[in-house]
Trainee: 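Structure in structure tokens, see below.
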Amino acid sequence: QVQLVESGGGLVQAGGSLRLSCAASGRYFSVLNMGWFRQAPGKERAFVATISSTGRNTIYDDSVQGRFTISRDNAKNTVYLQMSSLKPEDTAVYYCATTRGWNSDPENYDDWGQGTQVTVSS
């Protein structure tokens, strides 16, 4: 089991940027694919992006394509989500998660962090 801790959330104006971090414990981080999800009030948890264990491959949801960038540093056991051109509709709690698969279904992700709040004001 991998323990995950997200950080970097906060309040930002529309058009601004934030970088989220997800620090992982455990020895298997470098062999796991990682994903970011978000959940807005009253909505289901939604896929944002995923990155392969080596960092070479990524997938983004259409709603964030071109604005968000997922990356990872296996030496630091950390995955990042750089968010730019933020919109009010990006407001949500953001979660990172581990998976051995390669898809956007949260049911296929195993370990989850506690989440970090991102609020974008208009």
Side-chain angles (χ1 to χ4, degrees):
Q1 186 175 5
V2 177
Q3 293 185 331
L4 304 170
V5 179
E6 301 97 335
S7 61
L11 174 64
V12 63
Q13 289 187 333
S17 299
L18 279 176
R19 188 177 81 155
L20 306 183
S21 298
C22 172
S25 66
R27 53 194 290 185
Y28 299 112
F29 176 79
S30 63
V31 300
L32 295 171
N33 301 328
M34 297 294 296
W36 283 98
F37 291 79
R38 63 186 179 185
Q39 188 165 19
K43 295 188 177 181
E44 294 185 350
R45 192 165 297 187
F47 171 76
V48 175
T50 190
I51 188 167
S52 63
S53 59
T54 62
R56 293 174 186 165
N57 298 298
T58 57
I59 299 175
Y60 296 92
D61 184 76
D62 289 345
S63 64
V64 306
Q65 180 76 51
R67 299 188 299 121
F68 290 11
T69 302
I70 188 171
S71 63
R72 66 190 295 162
D73 185 339
N74 286 345
K76 295 182 178 181
N77 274 19
T78 302
V79 63
Y80 304 98
L81 186 68
Q82 178 67 49
M83 307 185 294
S84 303
S85 302
L86 283 162
K87 306 174 181 180
E89 50 264 43
D90 294 318
T91 295
V93 177
Y94 284 71
Y95 300 88
C96 63
T98 66
T99 182
R100 287 172 171 78
W102 186 244
N103 57 73
S104 61
D105 186 348
E107 293 295 324
N108 291 317
Y109 284 72
D110 302 309
D111 306 298
W112 293 80
Q114 84 289 347
T116 186
Q117 176 71 48
V118 172
T119 302
V120 184
S121 62
S122 57

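Along the sequence shown, residues carry numbers from 1.
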Trainee: Could you pull out all residues at least two apart from Asp110 that satisfy salt bridge (charged side-chain N to carboxylate O under 4.0 Å, His left out)?
Mentor: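 Only Arg100 meet the salt bridge (charged side-chain N to carboxylate O under 4.0 Å, His left out) criterion with Asp110.
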Trainee: Is it true that the side chains of Tyr109 and Thr50 contain a donor and an acceptor less than 3.5 Å apart?
Mentor: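 On atom types as modelled, these side chains qualify, holding a pair under 3.5 Å.
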Trainee: Does the side chain of Val12 come within less than 4.5 Å of Val120's, by heavy atoms?
Mentor: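 With C-beta onward as the side chain, the pair touches.
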Trainee: In terms of ring plane angle, is the pair Trp112 and Phe37 parallel, tilted or perpendicular, where the classes change at 30° and 60°?
Mentor: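 The rings of Trp112 and Phe37 sit tilted, inter-plane angle from 30° to 60°.
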Trainee: State, with a plain yes or no, whether a side-chain heavy atom of Gln114 is found less than 4.5 Å away from one of Glu6.
Mentor: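 A side-chain contact under 4.5 Å exists here.
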Trainee: By the definition side chain to side chain contact (heavy atoms under 4.5 Å, CB included), identify the one residue from Val118, Thr116, Val48 that meets it with Arg38.
Mentor: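 That would be Val48; it is the only one of Val118, Thr116, Val48 passing the side chain to side chain contact (heavy atoms under 4.5 Å, CB included) with Arg38.
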Trainee: Do other residues, nucleotides or ligands put more than 12 heavy atoms under 6.0 Å from Gln82 CD?
Mentor: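 Yes, the 6.0 Å shell around CD holds more than 12 heavy atoms from other groups.
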Trainee: My understanding is that only residues two or more places apart in sequence, or in another chain, count here; which of them pass ring pair (Phe, Tyr, Trp, His ring centres under 6.0 Å) with Tyr80?
Mentor: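 Expected list: none.
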Trainee: Mind checking salt bridge (charged side-chain N to carboxylate O under 4.0 Å, His left out) for Asp111 and listing every partner two or more places apart, or none if nothing turns up?
Mentor: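 Testing Asp111 for salt bridge (charged side-chain N to carboxylate O under 4.0 Å, His left out), a comparison that skips the adjacent residues, returns none.
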Trainee: Between Leu20 and Tyr94, what is the shortest heavy-atom contact and its length?
Mentor: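 Nearest heavy atoms, Leu20 then Tyr94: CD1-CB, 3.5 Å.
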Trainee: Taking the side chain as C-beta and beyond, is there a heavy-atom pair between Leu4 and Tyr95 under 4.5 Å?
Mentor: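 Answer no - side chains too far apart.
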Trainee: Find out whether Asp61 and Phe68 are in side-chain contact, i.e. whether some heavy atom of one side chain is under 4.5 Å from a heavy atom of the other.
Mentor: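 Of all side-chain heavy-atom pairs linking Phe68 with Asp61, none is under 4.5 Å.
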Trainee: Please answer: with hydrophobic residues joined when any side-chain heavy atoms are less than 4.5 Å apart, are Leu18 and Met34 in the same cluster?
Mentor: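 The answer is yes; both residues are in one hydrophobic cluster.
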Trainee: Measure the shortest side-chain to side-chain distance between Asp105 and Phe47 over non-hydrogen atoms and say whether it is less than 4.5 angstrom.
Mentor: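 Sidechains of Phe47 and Asp105: no contact.
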